[in-house]
Structures are given as C-alpha cells and as structure tokens.
Amino acid sequence: MIARALPLWASKGFDRAYGGFHERLFLDGTPDAAAPRRTMVQARQIYVYAHAAALGWHRQELPLALQALETLLARARTPDGRPGYVYSVSPDGGIADPTRDTYTHAFILLALAWLHRASGDAQLRGLIDGALAFIDEHLTAPNGTLYEGAPRRLPRRQNPHMHLY
C-alpha cells in the first residue's frame, strides 16, 4: 500500500483539473474520467491520505486530501441549497444524485475526523459538528436508529449504523 497504492492514487487517481479523486481507474491505470463521483468515495480517499499522513506515510500528500476536501465542500455540500452532502456529482461538478445518503455521511465524518487529526486544522471541527447536526436532524429516526437517507427509502441497511457507531 505504501509503495504502490498511495502513490498511484496520488498521481493517476487524483484529478488535478477537478480537484478531487477519480471515481475509479481502469485496469491499465488510466482514470475513468466520465464516471460520476460519489461523495462517499471522495471522503474515503480523503480519509486514506489523512490517515496515511497521521501514520507518517506519504505526509507530503496531505495537501491532496485538503484540496479534495475543498472540492468536496464546493460541489457536494448543499449545492442545491438543501442541507447535507449529495450522493454524487458529475465530473464537471453538477449534481448527479441529490440524495442525502446516511452511509455517505458516515464517511464524511470519518474523513473530517482523520483530516483534523492529521492537519490540526481547527476549522474542521465546525464541519464535523455540522455533519453530526445534519445526521441528528434529518437522518435519525425517533427511536435512535438511522433512516437510509433523505428522501427516506427501503430497505434499511446495516452499514450506515455500523460505520457511525
């Protein structure tokens, strides 16, 4: 992972024109530039590079995680004026799927927490608090379990619960 995966995604996997990570790479290592970008995938990649930096691996690539967060905030957080992060955006930055997915928000929290740990940026606390407030207000059922997302749908999955708890 240290010698191959992290450098690959920091080079071919990072879209310097877009500012975030490509959704996926083809087997030959070229990016699928046409694929919509799921917010969950962006958050996972931010988490990976923040965690790697916190461990002292590839600390020089922490700016990629910070740049990806800037793009994520600009394109996926409330782009339609509604609170929360959208499920996915198109490669040009438009909304591909406006759903506010609980699983996605779990990864947003993971990414923000590790990025705060790795960078020490106190402003990230406000983003963490905002994401938690959105989950509490819009994604939590009266009995304390989580809805699948907003709008609500079935079936309900265990993954959002597992990742948040």
Side-chain angles (χ1 to χ4, degrees), residues 9 13-15 17-24 32 34-55 61-165:
W9 279 96
F14 194 79
D15 186 345
Y18 174 80
F21 292 93
H22 289 286
E23 175 74 14
R24 60 181 162 256
D32 182 354
R37 290 155 189 213
R38 291 176 291 162
T39 301
M40 176 185 338
V41 171
Q42 296 300 309
R44 284 178 185 165
Q45 292 293 76
I46 292 167
Y47 153 72
V48 165
Y49 283 95
H51 195 156
L55 292 172
E61 290 160 355
L62 184 59
L64 289 180
L66 292 166
Q67 185 180 356
L69 177 65
E70 286 180 29
T71 300
L72 180 75
L73 295 174
R75 299 205 172 134
R77 185 179 64 159
T78 68
D80 53 4
R82 294 181 14 231
Y85 293 80
V86 298
Y87 182 77
S88 62
V89 297
S90 61
D92 67 0
I95 299 171
D97 184 339
T99 303
R100 273 39 176 197
D101 182 70
T102 305
Y103 196 22
T104 297
H105 282 78
F107 278 100
I108 292 289
L109 287 173
L110 180 68
L112 292 171
W114 276 94
L115 198 52
H116 178 267
R117 182 175 181 180
S119 70
D121 184 344
Q123 294 177 5
L124 293 169
R125 292 291 308 205
L127 294 173
I128 292 167
D129 291 343
L132 285 169
F134 176 80
I135 292 167
D136 288 344
E137 293 171 28
H138 299 279
L139 302 175
T140 303
N143 67 0
T145 62
L146 299 167
Y147 293 118
E148 193 60 22
R152 296 179 188 152
R153 62 186 187 274
L154 295 173
R156 290 173 71 183
R157 298 175 291 179
Q158 70 181 9
N159 277 348
H161 292 84
M162 175 185 68
H163 282 87
L164 283 168
Y165 295 130

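Nothing here was measured: the structure is a model prediction, and the numbers come from that model.
Within a 6.0 Å radius of CZ in R125, no more than 12 heavy atoms belonging to other residues, nucleotides or ligands are found. Atom CZ of R44 has more than 12 neighbouring heavy atoms from other residues, nucleotides or ligands inside a 6.0 Å radius.
Across S90 and A96, no two heavy atoms sit closer than the pair N-CB, 3.8 Å. The minimum heavy-atom distance between V41 and E23, with the atom names listed, is CG2-OE2, 3.5 Å. Nearest heavy-atom pair across A76 and T39 is CB-OG1, 3.5 Å. Residues P36 and P91 come closest through the heavy atom pair CA-CD, 4.3 Å. Taking every heavy atom of both residues into account, A150 and R82 meet most closely at O-NH2, 4.4 Å. Here the shortest heavy-atom pairing between A111 and A43 reads CB-O, 3.2 Å.
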Show your reasoning for whether side-chain contact (heavy atoms from CB on, under 4.5 Å) applies to Y87 and I95.
-> CA-CA 9 Å; Y87 182 77; I95 299 171; over 6 Å; no
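With rounding to the nearest 0.5 Å, the separation of CG in L146 from CD in E148 is 9.5 Å. A distance of 10.0 Å separates CZ in F134 from OG1 in T140, rounded to the nearest 0.5 Å. L69 contributes atom CG, which lies 14.0 Å from atom CD of Q45 (distance to the nearest 0.5 angstrom). One finds the CH2 atom of W114 at 3.5 Å from the NE2 atom of H51 (value rounded to the nearest 0.5 Å). Interatomic distance, T78 OG1 to L73 CG, rounded to the nearest 0.5 Å: 9.0 Å. Atom OG1 of T104 is separated from atom CG of L109 by 11.5 Å, given to the nearest 0.5 angstrom.
Counting heavy atoms from C-beta on, the side chains of L124 and S119 come closer than 4.5 Å. Taking 4.5 Å as the limit, every side-chain heavy atom of Q42 sits out of range of all side-chain heavy atoms of T71. Looking only at side-chain heavy atoms (C-beta outward), R37 and H22 come within less than 4.5 Å of each other. With a 4.5 Å cut-off on side-chain heavy atoms, L72 and I108 count as touching. Counting heavy atoms from C-beta outward, F14 and Q67 have side chains that approach closer than 4.5 Å. With contacts defined as side-chain heavy-atom distances shorter than 4.5 Å, the pair R100/V86 qualifies. Using a 4.5 Å heavy-atom cutoff, the side chains of L115 and D121 are not in contact.
The distance between the ring centers of Y49 and F21 falls below 6.0 angstrom.
D101 and T99 form no side-chain donor-acceptor contact under 3.5 Å, judged by distance and modelled atom types alone.
In terms of the side chain to side chain contact (heavy atoms under 4.5 Å, CB included) criterion, residue partners of Y147 (sequence neighbours excluded) are, by chain and number, A141, P142, R152.
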